[in-house]
Each structure stands twice: as structure tokens, then as C-alpha cells.
Number of protein chains: 2
Amino acid sequence: MERSTRQRDAIKAVIDSAQRPLSPQEILEGAQTQVAGLGMATVYRNLKSLLESNRLTVVTLPGENPRYESTGHSHHHHFHCTGCDKVFDVHHCPGDLLDIAPSGFTVERHELTLYGKCDVCSATPNP
Amino acid sequence: MERSTRQRDAIKAVIDSAQRPLSPQEILEGAQTQVAGLGMATVYRNLKSLLESNRLTVVTLPGENPRYESTGHSHHHHFHCTGCDKVFDVHHCPGDLLDIAPSGFTVERHELTLYGKCDVCSATPNP
DNA sequence: ATAGATGCAAAGAGTTTGCATAGGT
DNA sequence: ACCTATGCAAACTCTTTGCATCTAT
């Protein structure tokens with residue numbers, strides 16, 4: 001069975017407490033404040049097992065390396081602000097996308113990313 | 001100015017004639033049928049310049065390496081088959097996603113990816 | 001003739017894996 | 001005691017870059 005180690009607990013804690021998806025590097029640095037000698041391989045191994053058990057979700061933005069966030073939250077999407085480059089959760093969903101796939105195709109799930117200006121950047125014409 | 005070479009022409013031709021986004025490897029293999037000695041570095045260099053001049057679009061799917069497709073296809077989305085791992089264009093669109101973003105947010109564009117089984121994989125219970 | 005383009009190989013960046021050891025159960 | 005998890009380093013994959021050569025203009 002899966003053991004509870006200081007490393008694993010630290011990694012989970014960093015991801016769970018984050019307000020946004022984190023890169024492996026950010027996760028490493030965050031967890032290293034609790035477990036000094038933590039290595040990147042351990043981060044990746046834990047990310048992998050967390051992903052396989054669906055406790056983690058990958059967030060892939062164009063041109064950027066993958067980021068990871070806790071699955072605990074309900075189904076949601078992302079809003080990528082083209083002004084400040086932050087990524088926000090969007091908890092609404094267009095739903096019912098089964099009918100837009102070509103006939104014969106079976107839709108299992110979907111990912112939606114919105115691009116635009118967040119509330120702050122919308123209110124600030126020129127940063 | 002930009003020169004017209006056999007390599008560049010072959011690379012463009014492969015991408016333009018594809019009905020789906022292609023990986024650098026697929027582009028290399030396709031273009032090599034026309035230009036035997038073509039190297040991967042040349043593919044990447046051309047992808048880069050095509051991207052910079054907006055003649056190409058990156059398609060970045062979670063957990064996948066980037067794929068490339070020619071710009072100028074009308075607005076569409078992607079369907080990622082979890083069976084054969086190919087990516088298909090989806091020309092329908094749920095449209096009108098402005099209202100699902102938080103208030104104060106301005107939506108400029110959106111990306112939608114469907115996951116499931118393509119027609120071939122849907123018809124083949126066990127590969 | 002000249003400057004951009006190519007091919008090769010080496011270099012980078014990110015991620016994975018083999019192996020000996022530490023540590024949870 | 002057993003056996004998973006870790007740390008380190010090497011291996012791997014994907015992408016970029018340096019350099020000599022080629023070639024379109």
C-alpha cells in the first residue's frame with residue numbers, strides 16, 4: 001500500500017494549498033521548505049502516482065510547461081488572462097458538448113480554456 | 001528575405017494538406033518523402049519562422065507534445081482520440097461562451113478539446 | 001557574390017529510470 | 001523484517017544552437 005512519507009505529505013500539501021496550478025519546479029521549491037533534501041525525481045514520481053489515481057490534474061497552457069493542480073475541485077475550466085498571464089478557474093461550463101463531435105465519435109470528457117482580460121486587466125487599459 | 005527551398009516547400013505542403021494538427025515527427029516523415037535528406041533541425045527552424053509570421057498555429061494538448069496546423073482554417077476545435085491518440089479537427093462550436101466567464105472578465109477567444117473515441121476506435125471494441 | 005538555409009552533431013531543458021539506501025509499516 | 005519511497009546520477013526525449021557547407025537570389 002501507499003506509505004505516508006514526509007516528502008509525499010509536503011508535496012501534497014503544497015499542491016493542495018496552492019491557489020493556482022503549479023509547475024514541478026514550484027512544487028519542488030515549495031516542498032523543500034518543509035523537507036530540505038527533497039529531490040526532483042521524488043516530485044515527479046509523486047506527481048505521476050497522483051495523476052494515475054486522479055488526485056491531480058494537468059493544466060497545459062500553450063508554450064508553457066505542464067502545471068498541476070489538485071482534482072478535489074469540481075469540474076471546471078480555465079481562463080488565461082492575456083494581460084497579466086494569470087490563470088483563473090472558471091466554474092461554469094457550456095455542458096452538453098456531445099453533439100458537436102463528428103458522427104461516430106464518442107465524447108468522454110472535454111477541456112475548455114478561455115483567453116481574454118481578467119477583471120483587473122479589463123479595467124486597466126494600459127498596464 | 002525568405003528563400004524558397006525544397007525543404008521549406010515540402011514542410012509547408014505537408015502541413016497545409018493535413019486534415020489534422022501534426023507533430024514535428026509526423027511533419028518530418030511526411031516531408032522526407034519529398035526531400036530525402038531532410039533533417040529535424042530544419043523542420044523545427046521552419047516551424048519557428050512559420051509560427052512567428054502567424055502562418056502556423058500550435059495545438060497544445062494536456063500531456064502531449066505540441067502539434068502544428070496551418071492558420072487560416074476557420075474557427076474550430078479538437079478531438080483527441082483516447083484510443084489511437086490522433087487529433088481531429090471539430091468544426092462545430094458551442095459558441096457564445098462569453099457568459100461563463102466571471103463578471104468583469106473579457107473573453108477574446110477560446111480553445112475547446114474533446115476527448116473520447118474516434119469513429120474507427122468506437123467501432124473497434126478491443127484494439 | 002552574398003546572405004539565408006541546411007545537415008549534422010552537440011548542447012539544453014524537462015522528465016524518467018536504475019540502483020543502493022533510508023525509512024514507514 | 002519487509003518492502004516501498006527516496007536521492008542521486010545517468011539515460012531519454014524533445015527542442016535549440018553552433019558551425020561548416022550548400023544554394024537561391
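So that the names make sense, note that chain A is the first sequence line, chain B the second, and so on, each numbered from 1. For clarity, every value in this text was computed on a predicted model and none was experimentally measured.
Nearest heavy-atom pair across P21(B) and V59(B) is CB-CG2, 3.9 Å.
Relative ring orientation between H76(B) and H91(B) is described as tilted, the plane-to-plane angle lying within the 30° to 60° band. In this structure, H77(A) and H110(A) have tilted ring planes: the angle between them lies in the 30° to 60° band.
Using a 4.0 Å heavy-atom criterion, one finds that R8(B) contacts the sugar-phosphate atoms exclusively.
Rounded to 10 degrees, the angle separating the terminal axes of the helix from dA1(C)-dT25(D) to dT25(C)-dA1(D) is 30°, with each axis obtained from five end pairs.
Atom P of nucleotide dA24(D) and atom CD of E2(B) are separated by 14 Å, given to the nearest angstrom. The OH-C1' distance, from Y44(A) to dA9(D), rounds to 16 Å in whole Å. Here dT16(D) presents its P atom at 11 Å from CG of N65(B), a figure rounded to the nearest Å. Going from atom CD of Q7(A) over to atom C1' of dT4(D) covers 12 Å, rounded to whole Å. When the C1' atom of dC14(D) is taken as reference, atom CZ of R67(B) falls 14 Å away, rounded to whole Å. Following rounding to the nearest Å, I11(A) (CD1) and dG7(D) (C1') show an atom-to-atom distance of 12 Å. Regarding D9(A), its CG atom lies at a distance of 12 Å from the C1' atom of dA5(D), rounded to whole Å. Going from atom CG of L38(B) over to atom C1' of dC22(D) covers 15 Å, rounded to whole Å.
At least one side-chain nitrogen or oxygen of T5(A) sits closer than 4.0 Å to the OP1 or OP2 atom of dT6(D).
Using a 4.5 Å cut-off between side-chain heavy atoms of Ile, Leu, Val, Met, Phe, Trp and Tyr, with links allowed through other members, V58(A) and Y115(B) fall into different hydrophobic clusters.
For DNA chain D, no neighbouring residue in residues 24-35 of chain A is found when judged by any heavy atom under 4.0 Å.
For the atom pair H80(A) NE2 and C118(A) SG, the distance stands at 10.5 Å (nearest 0.5 Å). With rounding to the nearest 0.5 Å, the separation of CG in N46(A) from NZ in K48(A) is 12.0 Å. To the nearest 0.5 Å, the span separating SG on C93(B) from CG on L112(B) amounts to 7.5 Å. Distance check, rounded to the nearest 0.5 Å: OG1 of T57(B) to CD1 of I15(B) gives 10.5 Å.
Two residues, G39(B) and K48(A), neighbour DNA chain C, and the one matched to the more 5' nucleotide by heavy-atom proximity is G39(B).
Side-chain atoms of E111(A) never come within 3.5 Å of backbone atoms of T113(B) as a donor-acceptor pair (strictly under, hydrogens ignored).
For the pair H78(B)/R67(B), no side-chain contact is recorded, criterion being any heavy-atom separation below 4.5 Å from C-beta on.
In summary, contact between chain A and DNA chain C, defined as any nucleotide atom under 4.0 Å from a heavy atom of the protein, begins and ends at dG14(C) to dT25(C) in the 5' to 3' direction.
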* Please walk me through it: do V35(B) and I11(B) pass side-chain contact (heavy atoms from CB on, under 4.5 Å)? -> CA-CA 9 Å; V35(B) 181; I11(B) 290 168; over 6 Å; no
